[in-house]
Amino acid sequence: MSRAFAIAANTFRETIRDRILLVILVFALAMIVASLWLASISLGQEARLMQDFGLVAVSGFGVIVAVFVSAGLVRKEIDKRTVFIIFSKPVGRGEFIAGKFLGLSATMAIVVFGMTVFLFLLVWAVAGEPSGRLLVAGGFIYLQVLVVMAVTIFFSTFAAPVLAAVLGLCVFAAGQLSHNVLSLTQLGENAVLEGLSWVVFLVVPNFSAVSLTPVVVGEQVADWSTISGWGGYLVAYAVIMLGLSWLVFRRKEF
Amino acid sequence: MRARDDSRKGGRGPSRAAGRRGALLRGVVVGLVMLGCVAGVVAFQVTRPARSAADPAVFVPSPKFFRDLSPSFRTAVADAYWLAMVQYYGEHVKGDGQFDALPAYVRLVTDLSPRFERAYMFGSFALLDAGEGQEAYELLVRGARRNPDSWRIMVTLGMLIYTYADSPDKDKLAAEWYEKAAAVPGSPDYIPRVAAELLTKGGEEAKSALMWGQVYATGDTYARDKALVELDELLPRDPQQRKEALQPLAALMTPQQFLTLSSILMGVLETP
């Protein structure tokens, strides 16, 4: 396990060197400008709008960064031939995948929580009171980002980085719409199509059911048991995808 | 070999000077091309025709279209359309007074975000301006049903019924909504008093002033401006009488709010 952590630490340093943290600065500037703009046109609703648009931005920035970085994570090691050096040592394929994932997870934690904490402080300054739910929503966005990362790493084990990134983004978009697949299962009379829809519904991560943004703006109510259930689902999904990545990657010959 | 190296580096003497002149010329040409492009881009943008007068008939999608979106983005879409609705109202209230798309905007925002309290309240006043009284009433009833913990929506509904309904029972109907609002935990203490006042005989102007007074006390900037205009029309023009008519409103708001309200409404009398 210590070998996985060594790879994680290296991946963390490598991704930080890529100036990924600049995303937080871009987000902060965008939110400051947006808050000034919203204050003048939202008819007193700037706090609500900032939370809503801010969380969409945290999710958008987080997913885009995660997808593009994780898509090249494995391929970069192969192209630079450093993978030969790594596997000449007693490092397992699973440890390699886990290390890469953990390293990028640490970087993404800084990115997502940096943006969320900035948004939290900005909303606090505008609304005059802190919203703890905003921080929990940021945590959920982080879990969604981890799932998208795991899915993209899985695709990157057998596809080119660009294709893996595109597929990762597609899975994120499909996950936002997966509740529609469920309604499709109830529409048709064809048993095969119905079964297929069920399979798609089970395979695609159900992001639409595990979002805290509507809770933050007061549209939904969710208790802690529901929230922890949602969190458990996302963590389990990420673990499955990492397991599949390991299965594919262990068959590769270097 | 050396001669070839010299020629690569630009050579010495006259050839080096020629090389420098060439580089300078290239720099000038590139600079001129860049300047020309910048001028072209700026000229294109500044010569675009100004935005034409706002069209009252704007396409507003059905809420069904967005309902299939993920819930995490549904409220963001509602917020984006809230901004568009406020903008649309602002453009037309100062312009042609046509609000063809307003009911669709209000329906879209409140259907996508059913607990967006301010959207119901602003939407109802804006619909009244658009001459859509029935739509405003239905919107607030829908809002009260979806938000049983919102005394503000119920109070606005009571006020709307009392002020605009054309029914002999309007006092009773409005009082019912005030009583419902009073039953909501956390509602202000003055609401039961307003309900009781509504059920007394006569004093229509005083009752109306009370209604608009509470709109001023609980509303946003837009609602407060509207309440000021209505109160100015309702209250007597004589300064002493106006001062006396303002007194019952003190119980509806904070001392600071009352001071601001009185100074504005008394100040209006002094301006010619």
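We name chains A, B, ... by the order of the sequence lines, and we start the count at 1 in each one.
Around atom CG of A/D223, more than 12 heavy atoms belonging to other residues, nucleotides or ligands sit under 6.0 Å away. Within a 6.0 Å sphere centred on OH of B/Y164, heavy atoms belonging to other residues, nucleotides or ligands number more than 12.
In this structure, the portion of A/Q220 lying under 4.5 Å from any heavy atom of chain B is its side chain and not its backbone. Contacts of B/F116 with chain A are made by both backbone and side-chain atoms, with heavy-atom separations under 4.5 Å. With a 4.5 angstrom heavy-atom cutoff, A/Q45 touches chain B only via side-chain atoms. Neither the backbone nor the side chain of A/L55 comes within less than 4.5 Å of any heavy atom of chain B. For chain A, no part of B/A119 is nearby; none of its heavy atoms comes within less than 4.5 Å.
Interface summary for chain B: among A/V56, A/I41, A/L177, A/L43, the most heavy-atom pairs under 4.5 angstrom belong to A/L43. The candidate with the highest count of non-hydrogen atom pairs below 4.5 Å against chain B, out of A/A137, A/S208, A/G218, is A/S208.
For the atom pair CG (B/D79) and CD (A/Q51), the distance works out to 10.0 Å, reported to the nearest 0.5 Å. Atom OG of A/S59 sits about 4.5 Å away from atom CZ of B/F73, to the nearest 0.5 Å. Taken to the nearest 0.5 Å, the CZ atom of B/R118 stands 11.5 Å off from the OG atom of A/S42.
In this structure, the side chains of B/P114 and A/E219 come closer than 4.5 Å at one or more pairs of heavy atoms.
A/R48 and B/S113 share a side-chain donor-acceptor pair at under 3.5 Å.
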Given side-chain contact (heavy atoms from CB on, under 4.5 Å), test B/T75 with A/F53 step by step and report yes or no.
-> CA-CA 9 Å; B/T75 51; A/F53 293 149; over 6 Å; no
Test log, rule side-chain contact (heavy atoms from CB on, under 4.5 Å), inputs B/W82 and A/L49 = CA-CA 9 Å; B/W82 158 259; A/L49 268 61; 4.0 Å; yes
